[in-house]
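Here the structure is a predicted model, which means the values were calculated and not measured.
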Amino acid sequence: MELLVKVLSRENLNNAYKQVYKNKGASGIDGVTVGELFSYIKENKEEILWKIRNRKYKPQPVRRVYIPKENGKLRKLGIPNVIDRVIQQAIVQVLTPIYEEQFSNSSFGFRPNRSCEQAVIKALECFNDGYDWIVDIDLQSFFDEVNQDKLIGIIRRTIKDGNLVSLIRKFLQSGVMEQGVIQPTKKGTPQGNAVNLSNLK
């Protein structure tokens, strides 16, 4: 079965809707709220599904917002429209089990059922095994600088469904709206998306 079929299955989409509704969050550039999402899906579902299956779906640009960081600087976030969030969440639900099998057992960031506390316990285990160095690295603007072509190439190593890969690329290249102006996104993967594809290493 093609993975896109699993992404668009009734059960998977229903679970994605429930997750987006549970997470709440702000609306995207179209102004549709999470509270209005059910009615929007009911009215537009068949058209959306047809467009996705026929590679006609075009995700809307994300809405740029800034949140303060601990160091006083600002972190850029991209807020997708709620319907795009549902589709992204549906993709995540299908891809996560596939990529979980590939990840290192020593990796804890942005993974289900893993936490900072578990990472600390792992570090203590390493100390007990004789290691005495911990290196803490924070790559400046990492998500903003991701090479999209290389990222898609990495995804294609595992995901052989061209329709799904095409949809993922469209989300990467959907653009960003800031102060009413739409700018292209030729690199990077916006933080704030359900699908932050840089986690698929």
Side-chain angles (χ1 to χ4, degrees), residues 1-9 12-13 15-17 19-20 23 25 27-30 32 40-41 44-65 75-103 109-112 139 141-178 181-201:
M1 177 187 293
E2 291 184 352
L3 286 178
L4 186 62
V5 174
K6 292 184 179 180
V7 169
L8 300 181
S9 70
N12 190 55
L13 288 173
N15 289 337
Y17 164 79
Q19 188 63 48
V20 170
N23 291 343
S27 59
I29 65 171
D30 64 357
V32 176
Y40 183 89
I41 291 175
N44 297 282
K45 178 182 176 182
E46 293 306 318
E47 180 183 1
I48 292 169
L49 292 178
W50 183 89
K51 285 182 176 179
I52 293 174
R53 291 182 182 121
N54 291 277
R55 295 198 183 190
K56 304 289 186 184
Y57 188 78
K58 186 177 180 182
Q60 294 299 299
V62 298
R63 181 168 62 86
R64 171 71 74 224
V65 297
R75 183 187 306 278
K76 293 190 292 186
L77 295 183
I79 309 300
N81 290 348
V82 287
I83 189 61
D84 285 341
R85 257 181 272 171
V86 171
I87 298 167
Q88 291 178 14
Q89 180 63 35
I91 294 172
V92 166
Q93 291 168 178
V94 170
L95 295 191
T96 295
I98 295 172
Y99 281 98
E100 273 296 303
E101 295 181 358
Q102 299 180 16
F103 287 159
F110 304 102
R111 294 179 63 187
L139 300 178
S141 302
F142 171 78
F143 292 110
D144 297 330
E145 299 298 326
V146 169
N147 183 302
Q148 294 179 357
D149 289 334
K150 289 183 179 179
L151 179 58
I152 290 294
I154 292 170
I155 292 170
R156 280 188 175 136
R157 294 176 194 166
T158 300
I159 307 304
K160 306 303 181 184
D161 185 337
N163 289 325
L164 180 55
V165 173
S166 174
L167 182 60
I168 291 171
R169 183 183 284 277
K170 286 180 179 180
F171 276 112
L172 286 173
Q173 299 179 337
S174 63
V176 59
M177 178 179 282
E178 186 169 3
V181 178
I182 296 177
Q183 301 171 344
T185 46
K186 296 180 180 179
K187 65 178 180 178
T189 171
Q191 296 181 76
N193 286 5
V195 178
N196 194 323
L197 295 158
S198 294
N199 298 325
L200 306 182
K201 301 168 187 166

Hey, is the main chain of [Y] close enough, under 3.5 Å, to the side chain of [X] for a donor-acceptor pair?
| X | Y | value |
| --- | --- | --- |
| N81 | I29 | yes |
| N147 | D149 | yes |
| N12 | L8 | no |
| T96 | V92 | yes |
| Q93 | V7 | no |
| K160 | R156 | yes |
| D161 | L3 | yes |

Checklist entry - Is there a donor in the side chain of Q102 and an acceptor in the side chain of T158, or the other way round, less than 3.5 Å apart? => result yes
Item to check | Donor-acceptor side-chain pairing of N163 and R55 below 3.5 angstrom | outcome: yes
Checklist entry - Between D144 and T189, is a side chain to side chain contact (heavy atoms under 4.5 Å, CB included) present by the stated rule, with each step listed? => result CA-CA 6 Å; D144 297 330; T189 171; over 6 Å; no
Checklist outcome for this item: side chain to side chain contact (heavy atoms under 4.5 Å, CB included) with P61: of V181, I182, T185, V176, only one passes, and it is I182
Value rounded to 0.5 Å, distance of [atom1] in [X] from [atom2] in [Y]:
| X | Y | atom1 | atom2 | result |
| --- | --- | --- | --- | --- |
| S174 | Q88 | OG | CD | 7.5 Å |
| K58 | K56 | NZ | NZ | 13.0 Å |
| I52 | S166 | CD1 | OG | 11.0 Å |
| K150 | I155 | NZ | CD1 | 14.5 Å |
| I159 | I91 | CD1 | CD1 | 10.5 Å |

Considering all heavy atoms of both residues, which atom of [X] and which atom of [Y] are nearest to each other, and what is their separation?
| X | Y | answer |
| --- | --- | --- |
| G188 | L172 | O-CD2, 4.0 Å |
| I79 | S27 | CG2-O, 3.7 Å |
| P80 | G78 | CD-O, 3.3 Å |
| V86 | A16 | O-CB, 3.5 Å |

Checklist entry - Going by the angle between their ring planes, with limits at 30° and 60°, are F110 and F143 parallel, tilted or perpendicular? => result perpendicular
Checklist entry - Should D84 and K170 count as an ion pair when the cut-off is N to O under 4.0 Å? => result no
Item to check | side-chain contact (heavy atoms from CB on, under 4.5 Å) partners of R111, counting only residues at least two apart | outcome: E100, F103, S107, R114
Item to check | Worked verdict on R64 versus M177 for side chain to side chain contact (heavy atoms under 4.5 Å, CB included) | outcome: CA-CA 6 Å; R64 171 71 74 224; M177 178 179 282; over 6 Å; no
Checklist entry - Can I87 and F171 be said to form a side chain to side chain contact (heavy atoms under 4.5 Å, CB included), step by step? => result CA-CA 10 Å; I87 298 167; F171 276 112; 3.8 Å; yes
Checklist entry - Taking only residues two or more places apart in sequence, or in another chain, which ones meet E47 in a salt bridge (charged side-chain N to carboxylate O under 4.0 Å, His left out)? => result K51
Checklist entry - Taking side chain as C-beta onward, heavy atoms only, is Y40 less than 4.5 Å from V82? => result no
Item to check | Test side chain to side chain contact (heavy atoms under 4.5 Å, CB included) applied to Q148 and K186, step by step | outcome: CA-CA 7 Å; Q148 294 179 357; K186 296 180 180 179; 5.6 Å; no
